[in-house]
Amino acid sequence: IVFLLITVLFLGFYAYMLARPISYGMAYHNETEYEGGVFEGTMKFYSDETMITSNTNFEEELESRYYYKDGYVFFTMAETDEAYDEEVDYINKNFDEAKGMPFYADEINAFRLVATEGDGYMTVYTCTPAIVFAIIGGVGAAALIGATCVSLILFKKKTNCTEKITDTEAYVK
């Protein structure tokens, strides 16, 4: 029963981590080679709607705010809370138009961010820690499910054997 409880709790946590829209606190990373060098960029999103961006084009990390809606992350330009609320209001009212703007909205899920930069050019940022978690968590989930099944089978066999012994003793008497 303990294995079953642990397995159910782990599977619930594992499903949540795989199905969430953004991998909060984990780095989405891109490395692209160009003729003149290498571009390397990293984005980290946090649940308080802030993000940290660092790349080879900037000397310092940039902190900004974002807004998530229906599989898209919008990189807001607002500098105050009021301006942010107005921008979010605009996005909600004009979602299709806003998501079509280059450098403003990108598709995102727990494993990757696809930045569309106009003219059909895309840059993909991969969240490697989320992928590693999915693989290791899948192996862990399989092991927990196996251990739970084995323990339930052994428990059932022990229960059946005890009942048979009890029935045999009653028969002998």
Side-chain angles (χ1 to χ4, degrees), residues 1-34 38-56 58 61-76 88 91 95 99 104-117 121-172:
I1 301 223
V2 172
F3 265 127
L4 183 60
L5 181 63
I6 290 170
T7 301
V8 168
L9 289 174
F10 181 80
L11 288 175
F13 175 73
Y14 183 65
Y16 164 75
M17 293 296 282
L18 294 180
R20 66 185 182 211
I22 298 175
S23 292
Y24 297 115
M26 295 184 186
Y28 287 81
H29 184 77
N30 173 282
E31 190 171 314
T32 306
E33 291 186 30
Y34 294 101
V38 176
F39 169 82
E40 197 170 341
T42 301
M43 292 183 207
K44 282 187 184 179
F45 297 89
Y46 298 95
S47 59
D48 65 352
E49 297 173 337
T50 60
M51 64 178 278
I52 305 291
T53 304
S54 62
N55 63 45
T56 52
F58 305 123
E61 291 182 337
L62 300 173
E63 183 175 336
S64 57
R65 291 182 74 182
Y66 71 91
Y67 175 66
Y68 172 81
K69 182 177 178 174
D70 298 338
Y72 288 87
V73 64
F74 295 87
F75 303 104
T76 61
V88 167
I91 292 167
F95 180 69
K99 76 178 184 182
Y104 187 57
D106 296 331
E107 289 183 61
I108 192 168
N109 62 34
F111 304 104
R112 69 184 187 140
L113 178 139
V114 179
T116 305
E117 300 170 3
Y121 183 75
M122 295 186 301
T123 303
V124 178
Y125 287 78
T126 305
C127 187
T128 306
I131 294 169
V132 169
F133 172 79
I135 293 168
I136 292 172
V139 170
L144 273 173
I145 290 169
T148 301
C149 289
V150 167
S151 69
L152 289 174
I153 290 169
L154 292 176
F155 176 75
K156 185 67 176 164
K157 280 186 176 184
K158 181 180 177 187
T159 305
N160 286 342
C161 289
T162 305
E163 288 175 4
K164 287 180 183 177
I165 290 172
T166 307
D167 291 343
T168 306
E169 290 173 356
Y171 181 73
V172 171

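What you see is a predicted model; the values in this text were computed from it and never measured.
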Look up atom [atom1] in [X] and atom [atom2] in [Y], then write down how far apart they are to the nearest 0.5 Å.
X    : Y    : atom1 : atom2 : value
I131 : I136 : CD1   : CD1   : 12.0 Å
F155 : L4   : CZ    : CG    : 11.5 Å
K44  : T50  : NZ    : OG1   : 11.5 Å
K69  : F95  : NZ    : CZ    : 6.0 Å
F75  : L62  : CZ    : CG    : 12.0 Å
E107 : D70  : CD    : CG    : 11.5 Å

Is there side-chain contact between [X] and [Y], with at least one heavy-atom pair below 4.5 Å?
X    : Y    : value
I108 : D106 : no
Y67  : R65  : no
M51  : Y28  : no
I22  : Y66  : yes
H29  : T128 : no
F133 : F111 : no

Is the side chain of Y68 donor-acceptor paired with the backbone N or O of G71 at a distance under 3.5 Å, no angle test?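 A pair under 3.5 Å: yes.
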Which heavy-atom pair separates [X] from [Y] by the least distance, and what is that distance?
X    : Y    : result
T7   : T148 : OG1-OG1, 2.6 Å
A130 : R20  : CB-NH2, 4.1 Å
L11  : A141 : CD2-CB, 3.7 Å
E61  : S54  : CG-CB, 3.7 Å
C127 : M26  : SG-CB, 3.6 Å
A27  : T42  : CB-CG2, 3.6 Å

Go through the steps for I91 and Y72 under the test side chain to side chain contact (heavy atoms under 4.5 Å, CB included), then give the verdict. CA-CA 11 Å; I91 292 167; Y72 288 87; over 6 Å; no
Under 3.5 Å side-chain donor-acceptor pair for T32 and N30: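 Their side chains do contain a donor-acceptor pair, which is all the 3.5 Å distance test asks for.
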With under 30° as parallel and over 60° as perpendicular, where do the rings of Y14 and F10 fit, or are they tilted in between?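 Geometry flag for F10 against Y14: parallel rings.
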